[in-house]
Amino acid sequence: MPIDLSTQIAGVKLQSYLMNASGPQCTTFDELKRIAHSSSTAIVTKSCTLMPREGNPEPRYQNLPLGAIQSMGLPNLGYQAYLDMVPALKALNKPVVVSIAGFSISDNIEMIIAFQNSAVDLIEVNFSCPNIPGKAQIAYDFEQTDQALAAITALGNKPIGIKLAPYFDMAHFIAVANIIKKYPVKFITCINSIGNTLVIDPYTEQPIIKPKGGFGGLCGDYVKPIGLANVRAFRELLGNDVSIIGVGGIKSGTDAFEYLLAGADAVQIATSLEKEGLGCFARIEHELKAFMATKGYTQLSDAKGKLKPL
(Lines give C-alpha, C1' and ligand atoms only; values in the text may rest on other atoms or scores of the structure.)
Protein backbone atom coordinates (compact mmCIF):
# COMPACT_ATOMS: atom_id res chain seq x y z
CA MET A 1 0.00 0.00 0.00
CA PRO A 2 1.58 3.34 -0.99
CA ILE A 3 2.05 5.81 1.88
CA ASP A 4 1.05 9.39 1.10
CA LEU A 5 3.10 11.95 3.05
CA SER A 6 1.69 15.00 1.27
CA THR A 7 0.55 17.83 3.49
CA GLN A 8 0.02 21.57 3.46
CA ILE A 9 1.09 24.59 5.47
CA ALA A 10 -1.18 27.64 5.33
CA GLY A 11 -2.66 26.38 2.05
CA VAL A 12 0.73 25.76 0.40
CA LYS A 13 0.85 22.16 -0.80
CA LEU A 14 3.89 20.08 0.19
CA GLN A 15 4.76 16.73 -1.38
CA SER A 16 6.23 15.35 1.84
CA TYR A 17 6.37 15.87 5.59
CA LEU A 18 10.03 16.92 5.97
CA MET A 19 11.88 20.11 5.13
CA ASN A 20 15.06 21.82 6.24
CA ALA A 21 14.96 24.19 9.20
CA SER A 22 16.35 27.68 8.88
CA GLY A 23 19.87 27.34 10.27
CA PRO A 24 22.40 24.90 8.84
CA GLN A 25 23.43 24.72 5.18
CA CYS A 26 20.88 27.21 3.84
CA THR A 27 22.78 30.52 3.62
CA THR A 28 24.12 30.66 0.05
CA PHE A 29 22.36 30.02 -3.25
CA ASP A 30 24.49 26.90 -3.80
CA GLU A 31 23.42 25.52 -0.42
CA LEU A 32 19.76 26.28 -1.13
CA LYS A 33 20.04 24.65 -4.55
CA ARG A 34 21.42 21.50 -2.92
CA ILE A 35 18.44 21.48 -0.53
CA ALA A 36 16.12 21.77 -3.54
CA HIS A 37 17.78 18.70 -5.09
CA SER A 38 17.43 16.70 -1.86
CA SER A 39 14.25 15.10 -0.51
CA SER A 40 13.41 18.22 1.53
CA THR A 41 9.85 19.13 0.52
CA ALA A 42 10.57 22.87 0.57
CA ILE A 43 13.48 25.30 0.44
CA VAL A 44 13.84 27.24 3.70
CA THR A 45 16.35 30.10 3.78
CA LYS A 46 18.67 31.17 6.54
CA SER A 47 17.08 33.84 8.75
CA CYS A 48 18.00 37.09 7.05
CA THR A 49 18.56 40.53 8.50
CA LEU A 50 18.37 43.99 6.95
CA MET A 51 22.12 44.05 6.31
CA PRO A 52 24.57 41.18 5.74
CA ARG A 53 26.07 39.70 8.93
CA GLU A 54 29.24 37.77 9.64
CA GLY A 55 27.69 36.42 12.82
CA ASN A 56 29.40 35.74 16.14
CA PRO A 57 33.11 34.95 16.68
CA GLU A 58 34.23 31.34 16.30
CA PRO A 59 34.17 28.70 17.64
CA ARG A 60 30.40 29.15 17.62
CA TYR A 61 29.16 25.60 16.87
CA GLN A 62 30.13 22.35 18.57
CA ASN A 63 28.67 18.89 18.22
CA LEU A 64 27.60 17.10 21.39
CA PRO A 65 26.85 13.39 21.91
CA LEU A 66 23.09 13.98 21.51
CA GLY A 67 22.96 17.16 19.46
CA ALA A 68 24.86 20.43 19.38
CA ILE A 69 25.34 23.79 21.02
CA GLN A 70 25.65 26.87 18.84
CA SER A 71 25.67 30.62 18.95
CA MET A 72 25.93 31.51 15.29
CA GLY A 73 24.57 35.06 15.59
CA LEU A 74 22.57 35.01 12.34
CA PRO A 75 25.33 35.00 9.73
CA ASN A 76 23.51 35.72 6.45
CA LEU A 77 23.83 37.57 3.15
CA GLY A 78 21.30 40.30 3.99
CA TYR A 79 17.68 40.20 2.86
CA GLN A 80 18.28 41.85 -0.52
CA ALA A 81 20.45 38.90 -1.59
CA TYR A 82 17.64 36.44 -0.77
CA LEU A 83 15.08 38.67 -2.48
CA ASP A 84 17.25 38.61 -5.61
CA MET A 85 17.50 34.79 -5.39
CA VAL A 86 13.74 34.19 -5.25
CA PRO A 87 13.15 33.75 -9.02
CA ALA A 88 16.03 31.26 -9.30
CA LEU A 89 14.87 29.41 -6.16
CA LYS A 90 11.31 29.21 -7.48
CA ALA A 91 12.66 27.77 -10.74
CA LEU A 92 13.83 24.74 -8.71
CA ASN A 93 10.15 23.71 -8.43
CA LYS A 94 9.71 23.52 -4.67
CA PRO A 95 7.89 25.90 -2.33
CA VAL A 96 10.20 28.63 -1.02
CA VAL A 97 10.02 29.66 2.63
CA VAL A 98 11.92 32.81 3.49
CA SER A 99 12.99 33.23 7.11
CA ILE A 100 13.47 36.77 8.37
CA ALA A 101 14.88 38.02 11.66
CA GLY A 102 14.69 41.77 12.04
CA PHE A 103 16.21 43.45 15.09
CA SER A 104 13.18 45.75 15.33
CA ILE A 105 9.57 45.84 14.17
CA SER A 106 10.58 48.38 11.51
CA ASP A 107 13.27 45.99 10.18
CA ASN A 108 10.68 43.23 9.92
CA ILE A 109 8.17 45.52 8.22
CA GLU A 110 10.71 46.56 5.58
CA MET A 111 11.69 42.94 4.83
CA ILE A 112 8.13 41.59 4.86
CA ILE A 113 6.91 44.26 2.43
CA ALA A 114 9.73 43.32 0.09
CA PHE A 115 9.00 39.58 0.28
CA GLN A 116 5.23 40.15 0.05
CA ASN A 117 6.01 41.60 -3.38
CA SER A 118 8.09 38.57 -4.40
CA ALA A 119 7.23 35.03 -5.48
CA VAL A 120 8.03 33.33 -2.14
CA ASP A 121 5.38 30.94 -0.84
CA LEU A 122 5.64 31.45 2.92
CA ILE A 123 7.25 34.04 5.19
CA GLU A 124 8.56 32.72 8.52
CA VAL A 125 9.39 35.51 10.98
CA ASN A 126 11.96 34.46 13.56
CA PHE A 127 10.83 35.72 16.98
CA SER A 128 13.27 33.47 18.77
CA CYS A 129 16.94 33.88 17.94
CA PRO A 130 18.64 33.53 21.35
CA ASN A 131 22.16 34.29 20.18
CA ILE A 132 22.36 38.04 19.55
CA PRO A 133 24.22 39.80 22.38
CA GLY A 134 22.06 42.52 23.89
CA LYS A 135 18.91 41.56 21.94
CA ALA A 136 15.98 39.95 23.77
CA GLN A 137 13.93 37.27 22.06
CA ILE A 138 10.60 38.79 21.01
CA ALA A 139 8.95 35.45 21.80
CA TYR A 140 9.58 35.88 25.55
CA ASP A 141 8.20 39.43 25.64
CA PHE A 142 4.46 39.00 25.16
CA GLU A 143 3.73 42.70 24.80
CA GLN A 144 6.33 42.98 22.05
CA THR A 145 4.98 39.80 20.41
CA ASP A 146 1.53 41.38 20.34
CA GLN A 147 2.82 44.67 18.88
CA ALA A 148 4.97 42.90 16.29
CA LEU A 149 2.12 40.68 15.10
CA ALA A 150 -0.20 43.67 14.80
CA ALA A 151 2.34 45.33 12.51
CA ILE A 152 3.55 42.42 10.39
CA THR A 153 0.31 40.56 9.67
CA ALA A 154 -1.24 43.57 7.90
CA LEU A 155 1.30 43.92 5.09
CA GLY A 156 0.03 41.64 2.31
CA ASN A 157 -1.64 38.39 1.38
CA LYS A 158 1.21 35.89 1.55
CA PRO A 159 0.92 33.61 4.57
CA ILE A 160 2.96 34.84 7.54
CA GLY A 161 4.13 32.53 10.30
CA ILE A 162 6.34 32.92 13.33
CA LYS A 163 9.16 30.78 14.65
CA LEU A 164 8.73 30.54 18.38
CA ALA A 165 11.07 29.98 21.28
CA PRO A 166 10.39 26.98 23.51
CA TYR A 167 7.93 27.64 26.33
CA PHE A 168 7.88 25.67 29.56
CA ASP A 169 4.89 26.98 31.52
CA MET A 170 1.24 26.33 30.67
CA ALA A 171 0.38 29.96 31.45
CA HIS A 172 2.86 31.00 28.77
CA PHE A 173 1.39 28.63 26.18
CA ILE A 174 -2.05 30.09 26.88
CA ALA A 175 -0.83 33.71 26.78
CA VAL A 176 0.98 33.21 23.45
CA ALA A 177 -1.91 31.27 21.91
CA ASN A 178 -4.31 34.06 22.86
CA ILE A 179 -2.07 36.65 21.19
CA ILE A 180 -1.76 34.52 18.04
CA LYS A 181 -5.55 34.17 17.85
CA LYS A 182 -5.91 37.97 17.58
CA TYR A 183 -4.09 38.10 14.22
CA PRO A 184 -4.08 36.25 10.88
CA VAL A 185 -1.01 34.18 11.79
CA LYS A 186 -1.17 31.29 9.33
CA PHE A 187 1.47 28.99 10.82
CA ILE A 188 3.85 28.63 13.74
CA THR A 189 7.18 26.85 13.78
CA CYS A 190 8.18 25.44 17.13
CA ILE A 191 10.67 25.15 18.53
CA ASN A 192 13.85 27.13 18.04
CA SER A 193 16.88 25.98 20.02
CA ILE A 194 16.77 26.21 23.82
CA GLY A 195 18.59 29.47 24.36
CA ASN A 196 21.39 30.31 26.74
CA THR A 197 22.54 26.84 27.73
CA LEU A 198 26.13 26.27 28.82
CA VAL A 199 28.43 23.35 28.06
CA ILE A 200 31.76 23.31 29.92
CA ASP A 201 34.90 21.35 29.11
CA PRO A 202 36.17 20.25 32.53
CA TYR A 203 39.67 19.57 31.17
CA THR A 204 40.29 23.02 29.71
CA GLU A 205 38.05 24.62 32.37
CA GLN A 206 36.44 26.65 29.55
CA PRO A 207 33.12 26.75 27.73
CA ILE A 208 33.17 24.99 24.34
CA ILE A 209 31.91 27.94 22.27
CA LYS A 210 33.24 31.50 22.34
CA PRO A 211 30.31 33.97 22.02
CA LYS A 212 28.50 35.31 25.09
CA GLY A 213 30.80 33.57 27.56
CA GLY A 214 29.83 30.18 26.15
CA PHE A 215 26.05 30.57 26.37
CA GLY A 216 24.36 29.11 23.29
CA GLY A 217 21.34 27.41 21.82
CA LEU A 218 20.95 23.68 22.58
CA CYS A 219 19.80 21.53 19.65
CA GLY A 220 19.21 17.90 18.77
CA ASP A 221 17.95 14.93 20.80
CA TYR A 222 18.15 16.96 24.01
CA VAL A 223 15.28 19.22 22.91
CA LYS A 224 12.85 16.70 21.37
CA PRO A 225 10.59 16.31 24.44
CA ILE A 226 10.33 20.10 24.63
CA GLY A 227 9.56 20.41 20.92
CA LEU A 228 6.87 17.75 21.20
CA ALA A 229 5.31 19.48 24.20
CA ASN A 230 5.23 22.84 22.42
CA VAL A 231 3.62 21.36 19.30
CA ARG A 232 1.06 19.49 21.40
CA ALA A 233 0.19 22.44 23.63
CA PHE A 234 -0.27 24.82 20.70
CA ARG A 235 -2.26 22.27 18.70
CA GLU A 236 -4.68 21.89 21.61
CA LEU A 237 -4.90 25.66 22.19
CA LEU A 238 -5.12 26.78 18.55
CA GLY A 239 -7.24 23.96 17.16
CA ASN A 240 -6.78 23.43 13.43
CA ASP A 241 -6.89 27.13 12.49
CA VAL A 242 -3.11 27.54 12.47
CA SER A 243 -0.68 25.20 10.72
CA ILE A 244 2.11 23.93 12.97
CA ILE A 245 5.63 22.98 11.86
CA GLY A 246 7.46 20.86 14.44
CA VAL A 247 11.20 21.18 14.97
CA GLY A 248 13.60 19.72 17.48
CA GLY A 249 15.57 16.50 17.61
CA ILE A 250 14.13 14.72 14.58
CA LYS A 251 16.67 12.19 13.39
CA SER A 252 14.53 9.11 12.63
CA GLY A 253 11.20 8.20 11.13
CA THR A 254 9.76 7.45 14.57
CA ASP A 255 10.83 10.92 15.78
CA ALA A 256 8.88 12.44 12.89
CA PHE A 257 5.91 10.18 13.69
CA GLU A 258 5.91 11.40 17.30
CA TYR A 259 5.61 14.99 16.03
CA LEU A 260 2.74 13.84 13.79
CA LEU A 261 0.91 12.37 16.78
CA ALA A 262 1.46 15.61 18.70
CA GLY A 263 -0.23 17.46 15.84
CA ALA A 264 2.48 18.82 13.55
CA ASP A 265 1.42 19.43 9.92
CA ALA A 266 5.06 19.19 8.79
CA VAL A 267 8.49 19.03 10.41
CA GLN A 268 11.85 20.72 9.92
CA ILE A 269 15.27 19.18 10.36
CA ALA A 270 18.38 21.07 11.49
CA THR A 271 20.89 19.14 13.60
CA SER A 272 20.57 15.91 11.60
CA LEU A 273 21.17 17.89 8.42
CA GLU A 274 24.27 19.47 9.95
CA LYS A 275 25.64 16.14 11.20
CA GLU A 276 24.55 13.72 8.47
CA GLY A 277 24.11 15.86 5.38
CA LEU A 278 21.33 16.08 2.82
CA GLY A 279 20.70 12.33 2.78
CA CYS A 280 18.89 12.67 6.12
CA PHE A 281 15.68 13.77 4.37
CA ALA A 282 15.32 10.66 2.20
CA ARG A 283 16.37 8.36 5.04
CA ILE A 284 13.94 9.80 7.59
CA GLU A 285 11.13 9.89 4.99
CA HIS A 286 11.75 6.22 4.18
CA GLU A 287 11.75 5.31 7.89
CA LEU A 288 8.54 7.28 8.49
CA LYS A 289 6.76 5.49 5.64
CA ALA A 290 7.99 2.11 6.88
CA PHE A 291 6.81 2.82 10.43
CA MET A 292 3.40 4.03 9.23
CA ALA A 293 3.06 0.87 7.15
CA THR A 294 3.55 -1.30 10.26
CA LYS A 295 0.60 0.59 11.79
CA GLY A 296 -1.56 0.25 8.68
CA TYR A 297 -1.56 4.05 8.18
CA THR A 298 -1.54 5.27 4.57
CA GLN A 299 -1.75 9.05 5.01
CA LEU A 300 -0.72 11.64 7.60
CA SER A 301 -4.31 12.33 8.67
CA ASP A 302 -4.57 8.75 9.98
CA ALA A 303 -2.37 9.75 12.92
CA LYS A 304 -2.05 13.55 12.93
CA GLY A 305 -2.88 14.97 16.36
CA LYS A 306 -4.24 11.60 17.48
CA LEU A 307 -2.07 11.14 20.55
CA LYS A 308 -3.87 8.57 22.68
CA PRO A 309 -4.42 9.10 26.40
CA LEU A 310 -2.51 6.76 28.68
Side-chain angles (χ1 to χ4, degrees), residues 1-11 14-19 21 41 66-67 124 128 139 161-181 185-194 218-272 280-281 283-310:
M1 185 75 91
I3 311 279
D4 177 12
L5 295 184
S6 66
T7 184
Q8 58 92 26
I9 296 293
L14 301 174
Q15 295 301 308
S16 180
Y17 193 58
L18 316 163
M19 68 186 97
T41 194
L66 297 175
E124 181 183 272
S128 52
I162 49 177
K163 186 167 185 178
L164 292 171
Y167 299 101
F168 302 92
D169 190 297
M170 199 47 70
H172 293 169
F173 289 123
I174 292 166
V176 174
N178 286 339
I179 295 167
I180 288 169
K181 286 175 186 174
V185 175
K186 299 301 185 188
F187 68 97
I188 60 172
T189 302
C190 43
I191 56 173
N192 209 326
S193 61
I194 299 180
L218 188 67
C219 318
D221 301 22
Y222 303 105
V223 311
K224 187 180 76 168
I226 296 146
L228 288 169
N230 277 254
V231 168
R232 184 65 180 166
F234 282 119
R235 176 55 76 215
E236 292 188 320
L237 290 164
L238 296 172
N240 292 320
D241 297 340
V242 178
S243 297
I244 299 180
I245 303 174
V247 202
I250 297 162
K251 68 176 189 184
S252 71
T254 50
D255 293 333
F257 184 77
E258 289 166 21
Y259 273 93
L260 181 66
L261 285 176
D265 295 293
V267 294
Q268 292 179 348
I269 295 173
T271 307
S272 285
C280 69
F281 298 109
R283 177 185 63 77
I284 295 169
E285 181 178 309
H286 174 77
E287 290 174 3
L288 174 58
K289 285 181 173 177
F291 187 76
M292 286 174 65
T294 67
K295 297 269 188 176
Y297 297 150
T298 59
Q299 55 196 5
L300 296 175
S301 59
D302 292 341
K304 191 199 296 177
K306 295 182 179 176
L307 185 64
K308 297 171 183 174
L310 186 60

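Sequential numbering from 1 along the given sequence is applied to the chain's residues. In this text, all values refer to a predicted model and were calculated from it rather than measured experimentally. Computed over heavy atoms, backbone and side chain alike; hydrogens, waters and symmetry mates excluded.
Taking 4.5 Å as the limit, some side-chain heavy atom of I269 sits within range of a side-chain heavy atom of C280.
Although no hydrogens or angles enter the test, the distance criterion places no donor-acceptor pair under 3.5 Å between the side chain of Y17 and the main chain of E285. K251 places no side-chain N or O within donor-acceptor distance of the main-chain N or O of I284, the cut-off being under 3.5 Å. Using a distance-only test at 3.5 Å, with no hydrogens or angles considered, a donor-acceptor pair links the side chain of D302 to the main chain of Q299. For the pair Y167 (side chain) and A139 (backbone), a donor-acceptor distance under 3.5 Å is present. Without hydrogens or angle criteria, S193 side chain to C219 main chain gives no donor-acceptor distance under 3.5 Å. Checking side-chain atoms of R232 against main-chain N and O of Y259 turns up no donor-acceptor pair under 3.5 Å. S272 places a side-chain N or O within donor-acceptor distance of the main-chain N or O of I250, the cut-off being under 3.5 Å. Between the side chain of N230 and the main chain of G227, no donor-acceptor pair closer than 3.5 Å is present.
Note that CZ of F234 is 11.0 Å distant from CD1 of I191, once rounded to the nearest 0.5 Å.
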Identify every side-chain donor-acceptor pair in residues 235-248 under 3.5 Å, counting partners at least two apart or on other chains, and give the distances.
unit_1	atom_1	unit_2	atom_2	d
R235	NE	G263	O	3.0
R235	NH1	G239	O	2.7
R235	NH1	V242	O	3.0
R235	NH2	G263	O	2.9
R235	NH2	D265	OD2	2.6
S243	OG	A10	N	3.0

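The 12-atom threshold is not exceeded at NZ of K186, counting heavy atoms of other residues, nucleotides or ligands nearer than 6.0 Å. The number of heavy atoms from other shown groups lying within 6.0 Å of CD (Q15) does not exceed 12.
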